[in-house]
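Residue indices begin at 1 and follow the sequence shown.
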Amino acid sequence: MAGQDDAVPQPPDPQEPLERLMRDLRGRREGLSERESARRLVVFGLNELSRRGKRNWPRELGRQVVHPLALLLWVAAMLAFATGTAVLAVAIVAVVVMNALFAFFQERHAEHAVEAMSTYLPVQARVLREGAEVLVDATRLVPGDVMVVREGDRVSADARLVSGSVEMDNSMLTGESLPVFRSAEDNPYAKVPLLQARDVVFSGTGCIGGGATALVYATGMRTELGRIAALSQRVGKDISPLERQVTRVARLIAVVAVAMGATFIPVGMLLGGLAFGDTLNFAIGLLVANVPEGLLPTITLALAVGVRVLARRGALVKRISAVETLGSTSVICTDKTGTLTMNRMQVSNFWTADGGQHVRPGMPSAVLGSAAGRFAVASVACSNSRLEGPSGAKETGDPTELALLHLADFLGTTVDDLDSERLSQFHFDPVLRRMSTVDRTGSGTVLHSKGAPEEILALCTRIAVARTDRPLTEEDRRTIAAVVDHWAVQGLRVLAVADRPQVACTTPGPSREEAEKNLTFLGVAAMMDPPRPQVVEAVAQCHTAGIQLIVVTGDNGLTAAGIARLVGIGTNGLQVINGNDLDRMSEAELDRLLGAGEEIVFARSSPEAKLRIADALQDLGHVVAMTGDGVNDAPALRRADIGVAMGKSGTEVAREAATMVLTDDDFSSIVSAVEAGRRVYDNVRKFIVYIFAHATPEVIPFLIYAASGGQIPLPLTVMQILAIDLFTETLPALALGREAPEPGLMKRPPRPPRENVISTLMLVRAWVVLGGVSALLVTGVFLMTLIAGGWTFGADVGTGHLYLVWQQATTMTFLGIVACQLGTAMAARTHTVSLFRIGLTTNRLLLWGIAFELVFAAGIVFIAPLQAIFGTTVPEPWQLALLLPFPFLVWGSDELLKYTLRRRNDKKENAAKAVMSVDDRSRASGCGITDR
């Protein structure tokens, strides 16, 4: 908020008595004067949400060109320019620029959470100025102003109602769709959380009915909306595990490349007797050969493909690096309503004094008893929701009321059947936990009421039974309480319904306290928000994948735990922690609770609790996915490694703060995203193996050249290396990024966030097995071509016939590496599983990539302009025939390694099973059981 600092007075307690609040704010019921408002504006600043800092696009683009790999290529370009190889220098610079631009545009994403919040604030507001209603700029509101709030208005600041009553849509703050009633009447009840206060309205919320005046007590960043905006800005975003790993790998490659260059240049000069210019050419070749130029764009493209795959599955990922983070998720903190469940309440049981009933289609109404008929009438009358169309196909209103309307329809009563007129309504009160309506019917004036069973039962003196009423006895109360407890333990939501015939009808009408007494208890209905059908399978997948599930909900603990168990969460033990208990926990106690690894339900939880839970889990080393839908969920969504917002029921602020948006609000989409993230990470490792494998056949010939002191000519030019790294290997590498998941992907435990993306086994496969075999084959074909052309050791290949022979030999080296790439690409498709198990032709994109690779290589070899650029020539047919077995030899060597690894793993598993079996027999023997 502009002009605001720590010297600005903090807002007073908005729940203190109104007259005291008015005195603390130095306000008056008729409003401030214009001059007093202007003076306060200097002190408090503008009523607006401020954003700390903007994204610096030039700086972000600049970071893309100073990446360790990019710096290494800059060095290579400068060396190439210094030695007069301008074409090579330009080519290397083009590679750096292309990588930087590609990564920049793929990663470009601005987070607009605060701007999204600002859209909730109106442009103008109505206030009282010394008793006169005037329209002012909403940013000029100050504490002490008296606002006028009417139907259709959006509130401009946090305020305490002075007069009147309004129905408010608080969904943008709480995520709950049901309107809430707010009244200026004195609140005689216990102090409640501020968002539930019955006489307070909040900045950004909307008035959908009624009218009131309200005393402003907080503006700008000191409102509830501003507090959430500030939290959202303070919560930072860490880089993803893969981003950290790629940076680490890039530094490793840079160190290795520089070390090799620094080591082998003196070897070439001192031992080999090479000239300084030749050593510089050698250094450039070594640098270019060691740097996998295609690594960064390939990783970026693989992640972008993952984003598109998830979008088709109903999960929109807003930052591409988050796809990989999803794969290492170890804890999912999920909402209950709408995520695990359908957000569609259904009555499963109802009870009247005529006898409890399980609702099922086709039940004859005669079985239900007359009390059920009054229950149905009261359910329809005491409702602001509607069913329209055949069989109530079109629904409007609160899910709980709609469930009761469907029950009433089942019992034979609809809105059209009622012969009544609503006279007044006592809105649902979160403290009283009930609502009532006063209706004129043919038989007189009747009050209908529904709410929490314990609240309704406390107001009842009679009970409906058969075709009459009788006094409500203590035995009746115990019976009803037992029914309610039985259903609540099952995770069902229970509502009671009552009426009071012949209620007095006066003007302006009876007070709530007078009207809601001496009620007749009609019955209770048990309803549930049924789980989404695919959630049970998704939860089971999480368990096999080693992912801990935590339910964080504002709902009742028993209800949330019942739903959790129903979908398979906590089958081996489930703890239920209420919000008050969580608030009393120390950080150490919370760490112990979360560190135990058990599945937990946090009930009646606040947005601050979500943020605290996410912090604690991350401190314990977990990668956390957190769901949310309200504005007040934004800080937790930003704090979590993966913030997941609801696309259907969520607010725009939640969607902006989140990393991923579920278009279907379905928990199973999160699990699909985790699977996709694991698949992407697996595939990144596959094409890293593929790309790294070609470093060996590119580097080894340079080392032979240096070690021989130039007596053996260079088998590959730097331009040919660039052709391999940027063109022939890129499409197959991208195709590996689309590889289907290997069998057992979701049966592995989550990957530790600090695990290296490149393992020792990967390096062995890439550099020793795939690369070593390729280097052996390529070096052999190079020397064979030279010798067949008449070359002898130490002969000069710079001129004459031997120059053409050397060009032919380098061409064969280039084609040999391309041929080995084909085998490497097929081998890299799996980590340990045999390629025969997944099928040779299941990755069609890889087959197209191989086809492109062959066509491009043929173009470089057979098209004259490209021959001039890359220094190639057309080989003899017998030479081309030598290349045919290369792919099979490379692939076969890797299959042999995988077979060896599988055999070793099988032996370890069998040994572990044998140990477990011995332990089991020992325990059985200790219990007096003998195994014969």
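A donor-acceptor pair under 3.5 Å links the side-chain atoms of E401 to the main chain of N384, judged by distance alone. S436 places no side-chain N or O within 3.5 Å of a backbone atom of E516 that could act as its donor or acceptor partner.
Not counting sequence neighbours, the partners of D581 by the side chain to side chain donor-acceptor pair (under 3.5 Å) test are R584. With sequence neighbours excluded, no residue satisfies side chain to side chain donor-acceptor pair (under 3.5 Å) with T223. Residues satisfying the salt bridge (Lys or Arg N to Asp or Glu O under 4.0 Å) test with E513, not counting sequence neighbours, are none. Contacts of E589 classified as salt bridge (Lys or Arg N to Asp or Glu O under 4.0 Å), with partners at least two apart in sequence or in another chain: none. Here E587 pairs with R612 under the salt bridge (Lys or Arg N to Asp or Glu O under 4.0 Å) rule; sequence neighbours left out. By the salt bridge (Lys or Arg N to Asp or Glu O under 4.0 Å) test, D499 is found to be paired with R374, residues two or more places apart in sequence or in another chain being considered.
R126 has a carboxylate O that lies under 4.0 Å from a charged side-chain N of D153, or vice versa, which qualifies the two as a salt bridge. Contact check on R29 versus E19 returns a salt bridge, with a Lys/Arg side-chain nitrogen under 4.0 Å from an Asp/Glu carboxylate oxygen. Electrostatic pairing of D13 and R160 does not count as a salt bridge here, judged by no charged N lying under 4.0 Å from a carboxylate O.
Looking only at side-chain heavy atoms (C-beta outward), I577 and L593 come within less than 4.5 Å of each other. Counting heavy atoms from C-beta outward, T627 and M660 have side chains that stay 4.5 Å or more apart.
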**Study point:** Chi angles and distances behind the side chain to side chain donor-acceptor pair (under 3.5 Å) call for E130, S33
**Key:** CA-CA 6 Å; E130 297 181 305; S33 67; 4.7 Å; no
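The two residues G144 and L215 come nearest to each other via the heavy atoms O-CD1, 3.6 Å.
Heavy-atom neighbours of R140 CZ from other residues, nucleotides or ligands within 6.0 Å: at or below the threshold of 12.
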